[in-house]
Number of protein chains: 2
Amino acid sequence: MSEIITYGDYQNLFNLFKSIYPLSNELKVAIVNNSEVIEVNKKVKLLSVGERSHTIYFVVKGAARVYYLNKEGKETNTWFLFENELLISVYSFYTGNPSFEYIETLEDCKLIAVKREKLDEMYLKYMEFNFSGRKLTEFYHMRNEIQANDLRMYSAKERYEHLVERNPALFQRVSLGHIASYLGISQETLSRIRKQK
Amino acid sequence: MSEIITYGDYQNLFNLFKSIYPLSNELKVAIVNNSEVIEVNKKVKLLSVGERSHTIYFVVKGAARVYYLNKEGKETNTWFLFENELLISVYSFYTGNPSFEYIETLEDCKLIAVKREKLDEMYLKYMEFNFSGRKLTEFYHMRNEIQANDLRMYSAKERYEHLVERNPALFQRVSLGHIASYLGISQETLSRIRKQK
DNA sequence: ATAATTTTTTGACTTTTGTCAAAAGTTGGG
DNA sequence: CCCAACTTTTGACAAAAGTCAAAAAATTAT
């Protein structure tokens, strides 16, 4: 019988994988050996515009955002990520092209960092790892689809109300200025919407 | 040496997979045995609101759209799919929950249809199939992300201009009424934007 | 605690986009 | 070739959301 291995910071990541497909001890060891646990202060950029993204992060503790600058130089947040979520610049990480967006921590973070090179090695060596990778990608894809639909289908006010309903905790951890651009509206409009209710 | 198998309608689908990961003859045969080539007239619904999506389609020939009805009962198109693209209702197919959107053909279509049950069997039996599935999901995920960013970041006019630039062919095959809701604007606004230029 | 910084709100005004109704243009069968 | 159905455009007006500037409130550092 194989020993039960618990790697502290990796426990939640392993649980996530295990909930999708059985995780062998060999693959667990590979994941640990091919990754790094890092601590990053808040307001630190993990990726800047023009850089190529080589790393995917799993958030053990903390929060981060993905954003870019529009033509007028204003920040537009596209994603907020918290504990037990995967943090990447989708476009740059998948294509290897220079990023048009930033990744920045919102709070002090503990992250598990995996280089794309190592990840690709694991995907080739442990074919069943692609099963989990596929399922996780499907899940994030779905979240994206819902996000795009909301932007098309609903007014500023409705989008705000849905967000409050679906993710009230977000408002505890992220400033309204950040949330406004995520909702695709100006900060002033968000402030007025909140007053109305 | 193994025979070269060419299955007519499957050729482009196989080429797509082959461009991602080597495709064994065994898997080719499984794909053919677990799918169906169907012909569907235009304006036919492949999925309706409330139904659970059990099928993923590969478009051999023709065009289709994914859309839903907003509160006022107006159609909002979220996606147009053409030759060599995969056609699904992301939410319903991935979760198995009832769909909130419709899939409808825009032209007479030839499609390769795969039931989720069969697809899942293949994902379990041929682990390397998950490699291709993962890569394809990553690609569609990326397209989605770009779409959501465009909706947040750009004005109606800019979104129109980007679409003309990136996908001029779309305007040859899809009516402006359909394209308007895809861009998240009213048909009248689209008409006025086009006149300006 | 206080000053400095950052975030949020408010007011006045402008711009963008939507709505409704009708006209014009286009397309496809019979 | 012509009618019916559908698509696109136009006009007048309304509603939604943005902008700029400043005030108020909250947070952080000293």
Side-chain angles (χ1 to χ4, degrees), chain A residues 41-45 62-63 65 67 69-77 80 104-108 148-164 168 170-197, chain B residues 41-45 62-63 65 67 69-77 80 104-108 148-164 168 170-197:
Chain A
N41 288 335
K42 73 168 166 176
K43 298 211 177 184
V44 169
K45 286 193 177 64
R65 65 185 177 121
Y67 71 96
L69 302 179
N70 67 13
K71 282 194 316 298
E72 290 84 34
K74 271 201 188 170
E75 294 182 357
T76 307
N77 293 295
F80 302 110
E104 193 179 288
T105 53
L106 286 165
E107 306 172 357
D108 294 348
N149 288 354
D150 279 10
L151 286 167
R152 233 189 311 250
M153 195 167 182
Y154 299 111
S155 67
K157 191 179 171 182
E158 291 170 319
R159 295 200 298 273
Y160 166 71
E161 284 164 359
H162 289 179
L163 191 61
V164 170
L170 188 67
F171 293 81
Q172 254 57 64
R173 293 176 77 173
V174 177
S175 76
L176 294 171
H178 283 328
I179 289 174
S181 72
Y182 177 77
L183 288 169
I185 60 182
S186 71
Q187 181 169 186
E188 293 93 328
T189 297
L190 178 57
S191 176
R192 288 180 182 115
I193 286 168
R194 284 163 59 84
K195 204 174 100 176
Q196 279 176 46
K197 270 222 98 173
Chain B
N41 287 335
K42 73 167 164 177
K43 297 209 177 186
V44 170
K45 285 193 178 61
R65 66 184 177 119
Y67 71 96
L69 303 180
N70 67 13
K71 281 194 316 297
E72 290 84 33
K74 271 201 185 168
E75 294 182 356
T76 307
N77 293 295
F80 301 111
E104 193 180 288
T105 54
L106 286 164
E107 306 172 358
D108 294 348
N149 286 355
D150 278 10
L151 287 167
R152 234 187 313 247
M153 196 166 181
Y154 298 111
S155 68
K157 190 178 173 182
E158 290 170 319
R159 294 201 298 273
Y160 166 71
E161 284 164 358
H162 289 179
L163 190 61
V164 169
L170 188 68
F171 293 82
Q172 255 58 63
R173 293 176 79 172
V174 177
S175 75
L176 294 172
H178 283 327
I179 289 173
S181 72
Y182 177 75
L183 288 169
I185 59 182
S186 71
Q187 181 168 187
E188 294 93 329
T189 297
L190 178 57
S191 176
R192 289 181 181 114
I193 286 169
R194 285 164 59 83
K195 206 174 99 175
Q196 279 176 46
K197 269 221 98 173

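Both backbone and side-chain heavy atoms feed into the values below; hydrogens, waters and symmetry mates do not.
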Can you check the B/I193 CD1 to D/dT9 P distance for me, whole Å?
12 Å

For the helix from C/dA1-D/dT30 to C/dG30-D/dC1, what angle lies between the axis at the first five pairs and the axis at the last five pairs, to 10 degrees?
50°

Write down the distance between OH (B/Y160) and P (C/dT17), rounded to a whole number of angstrom.
15 Å

Give me the distances for all protein-to-nucleotides 10-15 of chain D N/O pairs that come in under 3.5 Å?
from, atom 1, to, atom 2, distance (Å)
D/dT10, OP2, B/K195, NZ, 3.4
D/dG11, N7, B/R192, NH2, 2.6
D/dG11, O6, B/R192, NH2, 2.9
D/dA12, N6, B/R192, NH2, 3.3

Using a 3.5 Å distance criterion without hydrogens, assess whether the side chain of B/T105 forms a donor-acceptor pair with backbone atoms of B/K43.
yes

In whole angstroms, the gap separating C1' of D/dG18 from NZ of A/K71 amounts to 13 Å

Is it the case that the ring center of A/Y160 lies less than 6.0 angstrom away from the ring center of A/F171?
yes

Is the side chain of A/D108 donor-acceptor paired with the backbone N or O of A/N41 at a distance under 3.5 Å, no angle test?
no

Whole angstrom is fine here: how far is it from OH in B/Y154 over to P in C/dT17?
15 Å

Tell me the interatomic distance from B/Q196, atom CD, to C/dT15, atom P, rounded to whole angstroms.
14 Å

Can you confirm whether A/F80 sits close enough to A/V174 that some side-chain heavy atom of one is under 4.5 Å from a side-chain heavy atom of the other?
yes

List for me each residue that meets salt bridge (charged side-chain N to carboxylate O under 4.0 Å, His left out) alongside B/K71, sequence neighbours excluded, and say none if there are none.
A/E158

Applying side-chain contact (heavy atoms from CB on, under 4.5 Å) to B/E75 and B/L69, what does each step give before you reach the verdict?
CA-CA 5 Å; B/E75 294 182 356; B/L69 303 180; 3.6 Å; yes

Tell me whether the guanidinium CZ or amine NZ of A/R152 lies under 6.0 angstrom from the six-membered ring centre of B/Y182 and within 45° of its axis.
yes

Do any N or O atoms from the side chain of B/D150 and from the backbone of B/R159 form a donor-acceptor pair under 3.5 angstrom?
no

Without swapping roles, check the side chain of A/R173 against the backbone of A/L106 for a donor-acceptor pair under 3.5 Å.
no

In whole angstrom, what separates B/R194's CZ from D/dT9's C1'?
11 Å

Any donor and acceptor pair, going by atom type alone, linking the side chain of B/N77 with main-chain N or O of B/S181 inside 3.5 Å?
no

At a cut-off of 3.5 Å, list every protein nitrogen or oxygen paired with a nitrogen or oxygen from nucleotides 25-28 of chain C, distance to 0.1 Å.
none

CE of B/M153 versus C1' of C/dT16: gap in Å, rounded?
19 Å

Less than 4.0 Å between a side-chain N and a carboxylate O, is that true for B/R65 and B/E104?
yes

Please list, by residue number, the residues of residues 170-186 of chain B whose heavy atoms come closer than 4.0 Å to an atom of DNA chain D; answer none if no residue qualifies.
B/S175, B/L176, B/G177

Per-pair distances, 0.1 Å, donor-acceptor, side chain in residues 184-191 of chain B, under 3.5 Å, sequence neighbours excluded:
from, atom 1, to, atom 2, distance (Å)
B/S186, OG, B/T189, N, 3.2
B/S186, OG, B/T189, OG1, 3.0

Considering all heavy atoms of both residues, which atom of A/N70 and which atom of B/M153 are nearest to each other, and what is their separation?
CA-CE, 3.4 Å

In whole Å, I'd like the distance from the NZ atom of B/K157 to the P atom of C/dT17.
10 Å

